[in-house]
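What follows is a set of notes on a single structure, which appears directly below.
Owing to the predicted nature of the structure, the values given are computational and were not obtained by experimental measurement.
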Amino acid sequence: MASNHSVKILEVCKVAPFSDSSEPLSELHLPLTFFDTFWFRFSPVERVFFYPLTDSSDPTSFNSVILPKLKYTLSLTLRHFLPLAGNLTWPSHAAQPFLLFTPNDAVSLSVAESESNFDQLSGNKPRKAIESHPLVPKLSISDTTASILALQFQLEAYF
């Protein structure tokens with residue numbers, strides 16, 4: 001059963017790795033290995049994970065309680081995995097691409113709303129891939145850089 005339900009983006013923000021004054025973040029340059037370059041021939045991995053909210057959750061509690069906690073824990077996690085907040089870059093003067101994290105880098109986080117049925121999308125049955133495409137966040141890509149990670153939280157329109 002094809003779904004023509006649209007996705008409405010409610011918020012797009014950047015979540016940076018947690019930083020405090022005792023240990024400021026610094027630039028990180030990470031060269032790629034031969035095995036990393038093998039994956040350039042393929043499209044980026046796109047995963048969709050489904051997590052139902054409890055019956056007591058509503059859009060107000062999601063936005064005021066759950067979402068701030070998700071952003072905070074993502075920030076704490078990125079502190080330990082800095083390359084995920086960085087970019088794959090290939091400047092014209094460089095012989096090979098590399099991962100670059102600078103203290104201003106962050107992960108793009110989108111919060112979206114959809115009329116799609118959660119149970120239908122997350123169910124254990126075959127479905128057309130096109131039904132999941134609107135749920136996948138867009139990576140920021142230019143001629144010289146590409147984001148490593150982008151996240152999107154999806155809410156049902158009729159919560």
* **Test side-chain hydrogen bond (donor to acceptor under 3.5 Å, both in side chains) applied to Asp143 - qualifying residues, sequence neighbours left out** => none
* After noting the C-alpha distance and the side-chain angles of Leu67 and Glu11, does the key distance pass the side-chain contact (heavy atoms from CB on, under 4.5 Å) rule? -> CA-CA 11 Å; Leu67 186 58; Glu11 176 186 354; 3.6 Å; yes
* Under a 4.5 Å cut-off applied to non-hydrogen side-chain atoms, are Gln152 and Val7 in contact? -> yes
* Short side-chain to backbone donor-acceptor contact, Arg127 and Gln120, under 3.5 Å -> yes
* Please list, chain by chain and in numerical order, all residues satisfying side-chain contact (heavy atoms from CB on, under 4.5 Å) with Lys69, sequence neighbours excluded. => Val65
* Using the rule that two of Ile, Leu, Val, Met, Phe, Trp, Tyr join whenever any of their side-chain heavy atoms come within less than 4.5 Å, decide whether Val48 and Leu121 are in one cluster. => yes
* Residue list, side-chain hydrogen bond (donor to acceptor under 3.5 Å, both in side chains) with Asp36, at least two apart or on another chain -> Thr33
* If you group Ile, Leu, Val, Met, Phe, Trp and Tyr whenever their side-chain heavy atoms sit less than 4.5 Å apart, what else falls in with Phe42? -> Phe38, Trp39
* Can you see which heavy atom on Ser19 is nearest to which on Pro24, and at what distance? => OG-CA, 4.0 Å
* Main-chain N/O of Leu139 paired to Ser147 side chain as donor or acceptor, under 3.5 Å -> no
* Are Phe18 and Leu78 linked, directly or through other ILVMFWY residues, by side chains that come within less than 4.5 angstrom of each other? -> no
* State which residues pass side-chain hydrogen bond (donor to acceptor under 3.5 Å, both in side chains) with Thr145; sequence neighbours excluded, sorted by chain then number. => Ser142
* To do: Could you name each residue pair satisfying salt bridge (charged side-chain N to carboxylate O under 4.0 Å, His left out) that touches residues 75-84, not counting sequence neighbours?
  => Glu23-Arg79
Output side-chain donor-acceptor pairs under 3.5 Å for residues 102-110, partner residues at least two apart or in another chain, one line each.
unit_1: Thr102; atom_1: OG1; unit_2: Asp105; atom_2: OD1; d: 3.2
unit_1: Thr102; atom_1: OG1; unit_2: Asp105; atom_2: OD2; d: 3.3
unit_1: Asp105; atom_1: OD2; unit_2: Thr102; atom_2: N; d: 2.9

* Same hydrophobic cluster for Leu10 and Val15, using side-chain heavy-atom links shorter than 4.5 Å among ILVMFWY? -> yes
* **Shortest non-hydrogen separation from Ser75 to Ala16 and the atoms involved** => OG-O, 2.8 Å
* Mind checking whether Phe62 and Val111 have side chains closer than 4.5 Å, heavy atoms only? -> yes
* Glu27: what forms a salt bridge (Lys or Arg N to Asp or Glu O under 4.0 Å) with it, not counting sequence neighbours? -> none
* Shortest non-hydrogen separation from Pro83 to Ile148 and the atoms involved -> O-CG1, 3.5 Å
* **Any residue meeting side-chain hydrogen bond (donor to acceptor under 3.5 Å, both in side chains) with Glu46, in chain and number order, not counting sequence neighbours** => none
Would you list the atom pairs, donor with acceptor, under 3.5 Å between side chains in residues 86-101 and any protein atom, with sequence neighbours excluded?
unit_1: Thr89; atom_1: OG1; unit_2: Thr144; atom_2: O; d: 3.2
unit_1: Trp90; atom_1: NE1; unit_2: Ala94; atom_2: O; d: 3.3

* Structure fact -> Taken in chain and number order and not counting sequence neighbours, the residues that satisfy salt bridge (Lys or Arg N to Asp or Glu O under 4.0 Å) with Lys138 are none
* Structure fact -> Closest non-hydrogen atoms of Phe34 and Thr37, given as atom of the first, atom of the second and distance, are O-OG1, 2.7 Å
* Asked: Is there a chain of hydrophobic side chains (I, L, V, M, F, W, Y, each step under 4.5 Å between heavy atoms) that links Leu25 to Leu84?
  -> no
